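Everything numeric here is computed off the predicted structure, so don't read it as measured data.
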Amino acid sequence: QKKILSYSTTYFDTHLNSMYKAHHNGRLNRYKVRHRTYVDSGISFLEIKRKNNKGRTIKNRIATKKNFTAFDPDAQLFLRNNCPFSTSDLQPAIRNQFHRITLVSKSFDERCTIDFNINFQHKDQEVSLDHLAIIELKTNGSRATSALKSLLSTMGIKKSGFSKYCFGRALTDENLKNNAFKPRIRQLTKTLMSCHV
């Protein structure tokens, strides 16, 4: 079984970049629409992620063909039932590839994903974050402590939000408003520059 898996994702947004702007402006009840392929297995899904007004993220998805080029009737119905955007509203906004390692505790009450080799393409722009790793830690409600969380804290690694979609767009499209992301982009740039020293 492979321990490092490859992912390829296309994010969709409206002509007015409504989903990007909603995230940038900190709105709740916001959405992301993406088509993700698990490259090694060839399995693909159309996914809708919604962050509700309580800050909880809800994800729905349906299986699709790997070569997803248009919204078929099933995809159109899925969008109508799960988000306020229709297929006529949406267009590809950015493409993203990365590798992922998933770690699960022996008691199955903690899961960690590590994403790296992150790459974005938007029109003729391409950005690779070769020295960046995104660590996401999820625990169930019954787990009081986390050895991994404590270790990361000891290493000076602090919790920080990171949306691949929003940062990818901010880094590849200079015409997009990105004021809310600038402090984190500067921090990211500083961190990546230190990797080359």
Side-chain angles (χ1 to χ4, degrees), residues 1-25 27-52 56-102 113-130 132-134 136 161-178 181 185:
Q1 184 178 359
K2 291 192 67 173
K3 296 180 180 178
I4 300 177
L5 300 179
S6 300
Y7 291 68
S8 178
T9 308
T10 298
Y11 288 89
F12 297 87
D13 210 332
T14 68
H15 296 278
L16 298 176
N17 300 302
S18 303
M19 286 180 264
Y20 172 86
K21 290 177 180 176
H23 193 129
H24 178 275
N25 296 334
R27 286 184 53 194
L28 295 178
N29 278 324
R30 62 179 185 253
Y31 295 82
K32 287 193 183 75
V33 177
R34 69 189 186 194
H35 180 261
R36 171 163 287 178
T37 297
Y38 299 79
V39 176
D40 302 280
S41 65
I43 297 172
S44 298
F45 295 94
L46 179 63
E47 301 179 341
I48 296 174
K49 293 180 71 175
R50 174 186 171 225
K51 177 162 274 192
N52 65 19
R56 179 172 169 240
T57 299
I58 302 163
K59 184 169 76 173
N60 294 296
R61 67 182 188 179
I62 58 168
T64 69
K65 296 178 180 178
K66 181 179 178 180
N67 298 320
F68 185 83
T69 56
F71 294 102
D72 62 19
D74 288 340
Q76 294 174 29
L77 178 62
F78 174 67
L79 285 167
R80 283 199 301 271
N81 289 339
N82 291 282
C83 77
F85 305 103
S86 68
T87 54
S88 60
D89 296 326
L90 301 179
Q91 60 183 5
I94 196 168
R95 193 172 175 211
N96 158 242
Q97 291 92 31
F98 61 92
H99 292 108
R100 171 173 288 179
I101 297 172
T102 301
T113 58
I114 305 169
D115 297 345
F116 58 100
N117 290 342
I118 301 164
N119 177 272
F120 300 101
Q121 300 104 38
H122 171 68
K123 296 182 179 178
D124 58 347
Q125 295 293 318
E126 183 170 351
V127 173
S128 295
L129 305 179
D130 296 328
L132 177 74
I134 301 172
E136 184 176 3
F162 189 94
S163 163
K164 291 189 190 74
Y165 173 62
C166 289
F167 276 82
R169 296 220 58 195
L171 291 169
T172 58
D173 189 345
E174 61 183 14
N175 295 317
L176 281 175
K177 181 181 178 182
N178 63 10
F181 302 137
I185 290 173

Check whether any side-chain heavy atom of [X] lies under 4.5 Å from a side-chain heavy atom of [Y], and answer yes or no.
X: Asp72; Y: Asp74; result: yes
X: Arg95; Y: Gln97; result: yes
X: Phe162; Y: Leu132; result: yes
X: Ile134; Y: Lys164; result: yes
X: Tyr11; Y: Met19; result: no
X: Cys166; Y: Phe181; result: yes
X: Gln91; Y: His15; result: yes
X: Gln125; Y: Glu174; result: no

Minimal non-hydrogen separation, [X] against [Y], with atom names:
X: Asp89; Y: Pro84; answer: OD2-O, 4.3 Å
X: Pro92; Y: Thr10; answer: CB-CG2, 4.1 Å
X: Phe98; Y: Thr9; answer: CE2-OG1, 4.4 Å
X: Asn82; Y: Asn60; answer: OD1-ND2, 3.3 Å
X: Ser44; Y: His35; answer: CB-NE2, 3.5 Å
X: Leu46; Y: Ala75; answer: CD2-CB, 3.7 Å

Is Asn81 atom CG crowded by more than 12 heavy atoms from other residues, nucleotides or ligands, each under 6.0 Å away?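 It does: Asn81 CG has more than 12 such atoms within range.
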From [X] atom [atom1] to [Y] atom [atom2], the distance as rounded to the nearest 0.5 Å:
X: His99; Y: Asp115; atom1: NE2; atom2: CG; value: 11.0 Å
X: Leu79; Y: Thr87; atom1: CG; atom2: OG1; value: 7.0 Å
X: Ile101; Y: Thr113; atom1: CD1; atom2: OG1; value: 10.5 Å
X: Arg61; Y: Phe78; atom1: CZ; atom2: CZ; value: 10.0 Å
X: Asp173; Y: Lys123; atom1: CG; atom2: NZ; value: 6.5 Å
X: Leu90; Y: Cys83; atom1: CG; atom2: SG; value: 6.5 Å

Going by atom types only, do Arg169 and Asn17 share a side-chain donor-acceptor pair under 3.5 Å? yes
Does a donor on one side chain sit under 3.5 Å from an acceptor on the other, for His23 and Lys32? yes
Side chain Asp40, main chain Ser6, donor-acceptor under 3.5 Å: yes
Are the side chain of Thr14 and the backbone N or O of Leu16 linked by a donor-acceptor pair below 3.5 Å? yes
Among Phe71, Tyr31, Tyr165, which one satisfies ring-ring contact (aromatic ring centres under 6.0 Å, His included) with Phe12? Phe71
Run the side chain to side chain contact (heavy atoms under 4.5 Å, CB included) check on Thr172 and Glu126 step by step: do they pass? CA-CA 7 Å; Thr172 58; Glu126 183 170 351; over 6 Å; no
Determine whether the aromatic ring centres of residues Tyr38 and Tyr7 are separated by less than 6.0 angstrom. yes
CA sep, side-chain torsions, deciding dist, call: Ile4, Phe116, side chain to side chain contact (heavy atoms under 4.5 Å, CB included): CA-CA 10 Å; Ile4 300 177; Phe116 58 100; 3.8 Å; yes
